[in-house]
Enquirer: 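Here it is, the structure in full.
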Amino acid sequence: MTRFLLRRAATSALVLLGVMLATFLLARVVPASPAVAYIGPKAQPADIARVERELGLDQPLHIQFWRYLSDMLTGDWGDSIGTKQPVLQEIGTRLPATLELLIVAMVVAVAVGLVLGVIAARRKGTKLDHLIRLLSIGGVSMPAFWLGLLLQVVFVRALGLLPPTGRLGPETPFVSPITELTGLYTVDALLTGNMTAFGDAFLHILLPAATLAAYPAGVVARMTRATMIETLSQDHVRTARAYGLAERTVTWRIALRNALPPVTTVFGLTLAYSLTGTFFVEVVFNWPGLGQFAAQALLNVDYPAIMGVTVLGAVGYVLVNLVVDLIQARLDPRVGLA
Amino acid sequence: MPTPLKRRGTAAALLAVALTAVTACGGGGGGAGAKPPPARVLNVATSANITTWDPVKSFSTEIFYMANVYEPLLWKNPPGSAEPFRPALAESWEASADKKTWTFKLRQNVTFHDGEKFNAAAAKASVEAAQERGGASFIWAPLKNVKAPDDHTLVFTLKYAAPMELIASSMYGAWMVSPKALAAAKGNDKHFESGTVDGGTGPYKVTEYQPGKQVVLRGFDGYWGQKGAYPTVVSHITPEAVTQQQMLQGGQVDLASGLPLENIGQLKADPNLDVGECATASNYVGFFNTARKPLDNPKVRQALSHALPYDDIIKIGGEGFGSKAYGAVPQSIFPGGTDVPTYTYDLAKAKALLDEAGVSGLKLKMTYAAENQAQKRFAPLIKDSFSKIGVDVEISPMLFNQQWELGKGDPAKAQDIFLLLYWPTYSDGGSDNLYSLFHSSEKPFFNLSYWKNKEFDGLLAKAGTFTATDPDKAKALYTGAQKILVDQAPGFFLYDVRNPLVSPKRIKGLTCNPDYAFNMFFNQLAPR
Amino acid sequence: MSKTPPIATLPERGVYRRLLRDGPAVLGFALVALLVLVAAFAPLLAPFPEQGAGAASVADRNLAPSLTHWFGTDAMGRDILSRIVYGARPALLVSMAVVGLAVLVGVPLGLIAGFRGGRLDEAIMRVADMFLAFPPLLLAMVVVSLLGPSLWNAAIALVVSWWPWYARLVRGLALSLRERPFVEGARTLGLRDITIMRRHILPNCSSPILVQATTDIGTVLLAAGSLAFIGLGAQPPTPDWGLMVAEGRTYVFSHWWMSAFPGAAIFLAVLGFNLLGDALRDALDPREVGR
């Protein structure tokens, strides 16, 4: 186990190093000098030379990269050109909003996906199965930004049931302010027993979370269905049936457990996919998270912010994959840790 | 001449102007919006970001907040007012007959937010700081020196006659700042950047700043003038115009500074809102690359000027919020006027002029600022219309900084047509718009048509000397210059921007002023 | 040299019959066929061809769906149905070009890596891993941001982030194939590596590549639309579906049709390719036969 961990950690670190090299090079290949981006186009040649010295841009590339690496590792991710604030701080203040959205969406996606997948597998070939298959493939084909807009039109405009955008109504911070513990508003409100704020935060997160969940729910449902069909026909499941265990127990306890590892793998992939999914959902729902920040940074070619978000995204992605491998190893003893 | 930052500001403000869009969800705000926010807190949605909190350097969108925290010596009144200016930190002022010496009597008993006293020494230090390191330092170009003969008198001596009132009431670069804060900023570049250390005298102090999220202003107890009815103003930074509209109509905010133009119609239908319209000092212009064939031929430029669908551009680019442009100076500011000739939309004439010039199969590259939603909307109209006279346009959106960088480079490699939203730093379209945009310059800065015309330059120089002493004469000279400009057509003039003014019926005091079109003055607002 | 039997064959008659019996597969095929036809005959099918190509009609702005304008008109007065019909062209062109180029780059690299193994394999796959370590689409977004947003830059960016998937897929297949007796046999006959790869390995990889590519055309179409939606893709006046959703977004509560129909076009096109890809997978995968 330890050896496996060490090996995975080492390869992950290598891959991350590669990612940082790639982002670093990308930002250097761009025609305009980063120095110009810092001072603006009014820059005089003397100013540019000065800033290039300050930023270390006059050094050879490998030294620059070394400086970039050590700065990143010591927590100096540079200042955003757009907001003039340290990138790491910007990320820190926005991360909880994105995490909250991601967690809620993923819980919904897994719950819905598993249930639909199992039902479809048990009713293989029926109308219900076809319907679920169509639904799940529809979820995978759905442009999130479009789904978000449709949900807004229906639930906000037509039915008037839900608030349009943001994380909280405007009066909540004044009437029943949330004491921030985790930065996840729903959790914080619950922990502090602030039910007014919880209700408000809950209503606000419904639509964005549903939008973000569509894709992973579809993927999980498809994968669950496929693996369940396979496991339900396997010997030990048949044996369990032969012992007279209730079909329900067989399905949900025995077969599902066996079907989980591949589903976990796929889930890891979709979770990573949803990281970028937040960009679109946050833009549509004005969710003050990392995705919105990243989208702005990308549109404005805000190098330090783009590099920060990219590295963070890659770290998150690599970590998710690592965790998925571990969970898979736990769930399925047959999967060797080698 | 605005700097790029300022342009970006414009772009953001433009979002306000240009994006103005969505929803008639008057009744549909649902859950959150139904209750009015607790009294005495004013919630505002704005796209205004902060590029710096330093009032001296400030030359961009942050003026939205600055104008409530800092004060200049004078404010300019909207056109048509009885008095062109009103006192701010100066109580009265006078100029010598040659307009080269200006004496300002300063208000007494004014305290800065940090406890410092406002006096002539403080004012002198502010002006000198702005002149030395200000983002808009050029507005002080005419200044020879500034003296403080006593505690409440400030005397400006100028190198040449200049309209000092306009400069003292400039939208940028004319704030009075606490000497203590100025000294601190000298030692530490980032002194102001937390936001909450301000050095103003204005009705509000910054008490909280979350970058990209919100700015909280609180009333300053020691304010000398009319205190705001709202002791707390929370500005929610909301780049998306549509979102601003949703927030406004959902009741999440009381005011929105950047509503989507395309949806103003829906806002008009909302019984809770009053919708008006304001002139601004901004206009949309375009530059032909006169350094390149065949655009070096005035005939070709005239032909293209006849092929611009002016009315449709206002309808679609401005969603109707715009008025016909007469030359390069907007109507709302000096020396704008309708005596300047214009081009009609006339494709037959355009075609004839092109034929006369012997031009066919023309291909042009047009750049515009990707941040600017109005340009994004009307640029395709120009392409469409030019295609009808056989001119093929390739549209290329770029970030304003990149677009400008390309424009300032080698004209031979630059764009053929450059679309620009422009506004003067202070209210003088002669010394700013006409000079910056079309006066000859060796190295192009904002003269992105690369046009050089001695007669035009001469008229500008002459008009400039009369601006302070004989404005009517100056205006006549400027109009003469504009006639040359329109005839030679180094650029084209699309429309003067108008802003919607949307205020909820429950709030009073929201007004228009073209010279501060990006601002809201919170202390003038009150619940009805 | 005798021709060796491939392990998985390209579609044959039984496959087509299986495909036809499957409802979703037929739907997928129909959607894709429709998309191709619309793209091919756009000028004939669009009710207002000039508007589809970009001509404004200011008098007809913001019209709701009607008999004249089935899907309504947009803010420039253009018929949205015509715009969608014309939009099929860049949509199909870009996604096919991206997948085609990704296959062209990824497949040879994967073949070499899997077949040769050793250092070369390590080198190729570590590079591929690096690309794959970016969350999907993020790398593409960064590349477009730096190159400047346009339809073609978006396509380039998507190729950059897509080829490693093919390299990885083909490497895995090649790895398992190279130990097969028929490959060993070809080796002992003294065939050059390149010949073995071309004649024996590649044909055996073609089914999985075909399945993957079919699904990917849909995925890339969705990705390009998403990029355009946040401003990192096609720019006006391109009749791009993602861009149309973005342009209509400001009007969505009052003029829902401006975003709803172009978004539906993306959805249906992606759905079509996904269904078709699924059906192909089922039909070509021997394990699934007879479901």
Side-chain angles (χ1 to χ4, degrees), chain A residues 11-12 14-19 21-23 26-27 29-31 124-125 130 133-134 137-138 140-147 149-150 152-153 156-157 164 222 229 269 272-277 279-280 283-284 294-295 297-303 306-307 309-310 313-314 316-318 321, chain C residues 23-24 27-28 126-127 129-149 215 218-219 221-223 225-226 229-232 241-242 245-246 248-249 252-254 256 259-260 262-275 277-278 287-288 291:
Chain A
T11 41
S12 302
L14 259 182
V15 164
L16 281 180
L17 193 69
V19 167
L21 183 62
T23 46
L26 271 175
V29 192
V30 192
K124 194 182 118 189
H130 285 308
R133 280 179 69 195
L134 211 59
I137 205 161
V140 177
S141 315
M142 186 74 78
F145 53 91
W146 180 61
L147 177 61
L149 288 174
L150 289 188
Q152 282 185 346
V153 169
V156 182
R157 171 81 177 99
R222 275 154 62 91
I229 287 174
L269 281 175
Y273 181 91
S274 303
L275 284 178
T276 24
F279 285 35
F280 308 102
V283 166
V284 169
L298 288 162
L299 282 176
N300 296 317
V301 203
D302 184 342
Y303 303 85
I306 293 177
M307 288 165 86
V309 170
T310 310
Y317 194 32
V318 167
N321 283 329
Chain C
L27 177 61
R126 286 299 81 79
V127 173
D129 279 351
M130 212 175 77
F131 281 91
L132 293 174
F134 288 91
L137 260 192
L138 183 55
L139 179 61
M141 290 198 251
V142 173
V143 173
V144 183
S145 164
L146 297 177
L147 291 180
T215 317
T219 317
L221 204 157
L222 181 57
S226 306
F229 177 76
I230 52 170
L232 292 171
W241 294 339
V245 178
R249 185 184 158 213
V252 77
F253 283 150
S254 55
W256 55 269
S259 288
I266 300 180
F267 172 62
L268 290 176
V270 179
L271 184 68
F273 282 107
N274 275 335
L275 287 171
D278 261 26
R287 279 183 313 152
E288 295 274 324
R291 277 179 334 135

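We name chains A, B, ... by the order of the sequence lines, and we start the count at 1 in each one. The shown structure was predicted, so the numbers you read here are calculated from the model rather than taken from an experiment.
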Enquirer: Once the angle between the rings of A:Phe280 and C:Phe229 is folded into 0 to 90°, is it parallel (under 30°), tilted (30 to 60°) or perpendicular (over 60°)?
Expert: tilted

Enquirer: Please find the pair of heavy atoms, one from C:Ser145 and one from A:Ile306, that lie closest to each other, and give the distance.
Expert: OG-CD1, 3.4 Å

Enquirer: Yes or no on side chain to side chain contact (heavy atoms under 4.5 Å, CB included) for C:Arg249 and A:Phe145, after CA distance, side-chain angles and deciding distance?
Expert: CA-CA 10 Å; C:Arg249 185 184 158 213; A:Phe145 53 91; over 6 Å; no

Enquirer: Do A:Trp146 side-chain atoms and C:Phe267 backbone N/O form a donor-acceptor pair below 3.5 Å?
Expert: no

Enquirer: What are the two closest non-hydrogen atoms of C:Asn274 and A:Val140, and how far apart are they?
Expert: ND2-CG1, 4.0 Å

Enquirer: Any non-hydrogen side-chain atom of C:Met141 less than 4.5 Å from a side-chain atom of A:Phe279?
Expert: yes

Enquirer: Against chain A, label C:Ala223 side chain, backbone, both or neither, depending on which of its atoms sit under 4.5 Å from a heavy atom there.
Expert: neither

Enquirer: Does the side chain of C:Leu132 come within less than 4.5 Å of A:Tyr317's, by heavy atoms?
Expert: no

Enquirer: C:Ser259, C:Gly225, C:Ser226, C:Pro24: which one forms the most heavy-atom pairs within less than 4.5 Å of chain A?
Expert: C:Ser226

Enquirer: Kindly indicate whether the side chain of A:Met142, heavy atoms from C-beta on, has any atom under 4.5 Å from the side chain of C:Ile266.
Expert: no

Enquirer: Going by heavy atoms in the side chains, are C:Trp256 and A:Arg157 under 4.5 Å from each other?
Expert: no

Enquirer: So which of A:Ala294, A:Gly138, A:Ala295 has the largest heavy-atom pair count under 4.5 angstrom toward chain C?
Expert: A:Gly138

Enquirer: Against chain C, work out which of A:Leu16, A:Val284, A:Val309, A:Val318 has the most heavy-atom pairs shorter than 4.5 Å and name it.
Expert: A:Val284

Enquirer: Relative to chain C, which of A:Thr310, A:Leu150, A:Thr23 shows the most heavy atom pairs under 4.5 Å?
Expert: A:Thr310

Enquirer: Quick one: closest heavy-atom pair of A:Ala22 and C:Met130, and the distance?
Expert: CB-CE, 3.9 Å

Enquirer: I'd like to know if A:Arg222 pairs up with C:Asp278 as an ion pair, taking the criterion as any Lys NZ or Arg NE/NH1/NH2 lying under 4.0 Å from an Asp or Glu carboxylate oxygen.
Expert: yes

Enquirer: Less than 4.5 Å apart, side chain to side chain, heavy atoms only: is that true for C:Pro135 and A:Tyr273?
Expert: no

Enquirer: If we ignore hydrogens and angles and just use 3.5 Å, is the side chain of A:Thr276 paired with the main-chain N or O of C:Leu137 as donor and acceptor?
Expert: no

Enquirer: Can you tell me how far apart CZ (C:Arg126) and CG (A:Leu14) are? Round to the nearest 0.5 Å.
Expert: 8.0 Å

Enquirer: Which atoms of A:Leu298 come close to chain C, meaning under 4.5 Å heavy atom to heavy atom: side chain ones, backbone ones, both, or neither?
Expert: both

Enquirer: Is it the backbone or the side chain of A:Ile137 that comes under 4.5 Å from a heavy atom of chain C, or both, or neither?
Expert: both

Enquirer: One pair to check against side chain to side chain contact (heavy atoms under 4.5 Å, CB included): A:Leu134 and C:Leu275. What are the steps and the verdict?
Expert: CA-CA 9 Å; A:Leu134 211 59; C:Leu275 287 171; 4.2 Å; yes

